[in-house]
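Below, chains carry the letters A, B, ... as their sequence lines are ordered, and counting in each starts from 1.
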Amino acid sequence: MIGVAVNLTRRHFGKAAGVLVLTFALAARLAGAQAPKLPGSLANNRMLDAWLRINADGSAMILTGKVELGQGISTALKQIAAEELDLPLTRVRMISGDTAQTPDEGYTSGSQSIEYGGTAIRLACAEARALLIDQAAKRFGLPAEGLKVSEGVVAAPDGRKLGYGELAAELDLDREVTATVAPKPPALHTIVGRSVLRRDIPPKVTGGAAYVQDIRLPGMAHGRVVRPPRYDARLDNLDEAPIRAMPGVVTVVRDGSFLGVVAEREEQAIKAREALIGAAKWTGGSELPDPRRRGSTSS
Amino acid sequence: MPAKADTQLLYVLRNDLALNGAKFGCGLAQCGACTVLLDGRAVRSSVTEIGSIGDAEITTIEGLGTVDKSHPLQQAFIDEQAAQCGYCINGMIMTAKDLLDQNPHPTAAEVREALAQNLCRCGTHGRIIRAVLRAAQNTGKT
């Protein structure tokens, strides 16, 4: 559906939209579903305000369930949002991976953040922009087609102007995304497709908080896991008592063949893990090939 | 400090002093993510016991510069966008700091040699080497 939409101009798309919606509705009925399937991560997060907020000052807050792992998505997703909203990058902020606030997009994996999350943000922001323009058209008493948007300000041909902040105050984004507003054609892109400096790099080169490992909670203990010596090996025998008696050890965790240790300090957890490796007896599992036979033709 | 003399410096830096710069990578001095400077020389903090440090001055990446007032090496890594996940970069910068202090204008081959024991799993080595060479050039100008 998006492929179709991209090939239409915004003006033509309005005419075609009815047909697309009908197609969606028919497909949904045939599938026995209540609502049409939406593209990308919109499928499970259908509300427009799950993806963005327009602030009173006209800036935007984008919400994403995908997280920065060094792929640069905290920068790339902002570029997509800024592009579709016609806002400068400096006026787009982003909340990522805060599960109390952001859409549930599942794992960040498989090189799918732009494909799924980017698609959702692109369509949601294109739709929000169209709603803001429609609101401005109402206020101006003019057709939306004649209005121009630049850096978050909608301008009428007669010179009147309205900012996103003011328009958003009159708009309710607590509504389902229809995904029927065509995003900008790539030929009009001024932000997407250009290299910008990644926003995650400065903290990574100065010791800023950038990783899960940099989270410290009050009273936090430290854990280490003991891996089996062979794939599929079973943990049979273990005398936990001497390990539990080691300095700082809070507990030994054993669940079937899962084995781990929790200690007050990280170095204590590491020492206790070494002791656990010595104490644990494993059976079964498949042996790894002997590294000395590496390069041999037999398997 | 609740840490004993045989505690590795890395855990004191990260857990007692809440410094994020030095990273736990392998804990075996094989990857370099935990590198800090002791009296200006790069060492692996995950295998350096605090009891062995004596009066030596410890410098972490936090001590080089900040986002607003970055060290030429940090700035060069930003300018070259020399990080993917970035987990190894602490070690790359701290090892490069030691290198540039000893040899302010290294060749690319010398940078390669100096960073040969620092692992980057993402494959950012090309940019990392360019960043160190850029830092060397910029340091010379100031």
Side-chain angles (χ1 to χ4, degrees), chain A residues 66-76 79 108-109 111 113 194-227 246-250 261-274 277, chain B residues 2-4 6-25 27-28 33 36 46 49-50 60-71 73-90 92-94 120-122 124 127-128 131:
Chain A
K66 298 293 185 183
V67 295
E68 181 64 71
L69 304 173
Q71 344 79 312
I73 61 162
S74 61
T75 307
Q79 285 179 270
T108 300
S109 67
S111 300
S113 294
R194 304 195 178 193
S195 288
V196 296
L197 293 179
R198 268 169 51 196
R199 59 201 290 267
D200 60 308
I201 289 184
K204 288 175 176 176
V205 301
T206 53
Y211 302 92
V212 174
Q213 290 88 337
D214 301 331
I215 297 172
R216 296 178 190 86
L217 298 172
M220 186 170 82
H222 294 265
R224 283 293 190 278
V225 171
V226 176
R227 305 287 179 197
M246 288 178 71
V249 170
V250 176
V261 61
V262 179
E264 287 165 15
R265 294 183 56 87
E266 190 168 7
E267 65 273 14
Q268 293 168 336
I270 290 169
K271 277 188 184 161
R273 174 180 176 269
E274 285 160 9
I277 290 171
Chain B
K4 292 188 174 163
D6 67 348
T7 301
Q8 288 78 11
L9 175 60
L10 176 66
Y11 309 121
V12 175
L13 294 174
R14 291 198 59 86
N15 303 331
D16 296 302
L17 302 176
L19 294 170
N20 294 325
K23 302 287 191 291
F24 180 92
L28 302 166
V36 300
S46 70
E49 296 184 357
I50 54 172
T60 68
I61 200 166
E62 287 92 342
L64 294 193
T66 61
V67 170
D68 296 325
K69 212 179 166 186
S70 57
H71 183 275
L73 264 167
Q74 292 167 318
Q75 191 56 48
F77 273 69
I78 294 170
D79 293 342
E80 291 288 344
Q81 296 282 282
Q84 192 177 340
C85 88
Y87 202 79
C88 69
I89 296 301
N90 166 70
M92 299 292 180
I93 290 179
M94 298 312 280
C120 165
R121 198 211 70 165
C122 300
T124 320
R127 290 181 183 217
I128 289 167

Minimum side-chain heavy-atom gap Asp16(B)-Arg265(A) below 4.5 Å: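 Asp16(B) reaches Arg265(A) side chain to side chain.
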
Residue among Lys204(A), Glu266(A), Lys271(A) with most heavy-atom pairs under 4.5 Å to chain B: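 So the answer, after comparing Lys204(A), Glu266(A), Lys271(A), is Glu266(A).
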
Residue, of Ile270(A), Leu197(A), Asp200(A), that accumulates the most heavy atom pairs under 4.5 Å with chain B: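 The option with the most such pairs is Leu197(A).
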
Option from Val67(B), Ile89(B), Ile61(B), Ile78(B) for which side chain to side chain contact (heavy atoms under 4.5 Å, CB included) with Thr206(A) holds: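 Considering Val67(B), Ile89(B), Ile61(B), Ile78(B), a side chain to side chain contact (heavy atoms under 4.5 Å, CB included) with Thr206(A) is found only for Val67(B).
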
Among Gln81(B), Gln84(B), Gln74(B), Glu80(B), the one residue meeting side chain to side chain contact (heavy atoms under 4.5 Å, CB included) with Ile201(A):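 Looking at Gln81(B), Gln84(B), Gln74(B), Glu80(B), the match for Ile201(A) under the side chain to side chain contact (heavy atoms under 4.5 Å, CB included) is Gln81(B).
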
With sequence neighbours excluded, residues passing side-chain hydrogen bond (donor to acceptor under 3.5 Å, both in side chains) with Gln8(B):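 By the side-chain hydrogen bond (donor to acceptor under 3.5 Å, both in side chains) rule, Gln8(B) matches no residue at all.
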
Region of Ala18(B) in contact with chain A, defined by heavy-atom distances below 4.5 Å: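 The answer is both parts of Ala18(B).
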
Side chain / backbone / both / neither for Tyr87(B) at chain A, heavy atoms under 4.5 Å: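 The answer is both parts of Tyr87(B).
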
Over 12 foreign heavy atoms within 6.0 Å of CZ, Arg227(A):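 Counting neighbours around CZ of Arg227(A), 12 or fewer heavy atoms of other residues, nucleotides or ligands fall under 6.0 Å, so no.
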
Tyr211(A) (side chain) donor-acceptor with Cys85(B) (main chain) under 3.5 angstrom: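 Checked: pair present.
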
Portion of Leu69(A) that has a non-hydrogen atom of chain B nearer than 4.5 angstrom: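 Contact with chain B: backbone only.
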
Inter-chain contacts: residues 212-221 of chain A against chain B, heavy atoms under 4.5 Å: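 Residues Gln213(A), Asp214(A), Arg216(A) are the ones that qualify, each having a heavy atom under 4.5 Å from chain B.
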
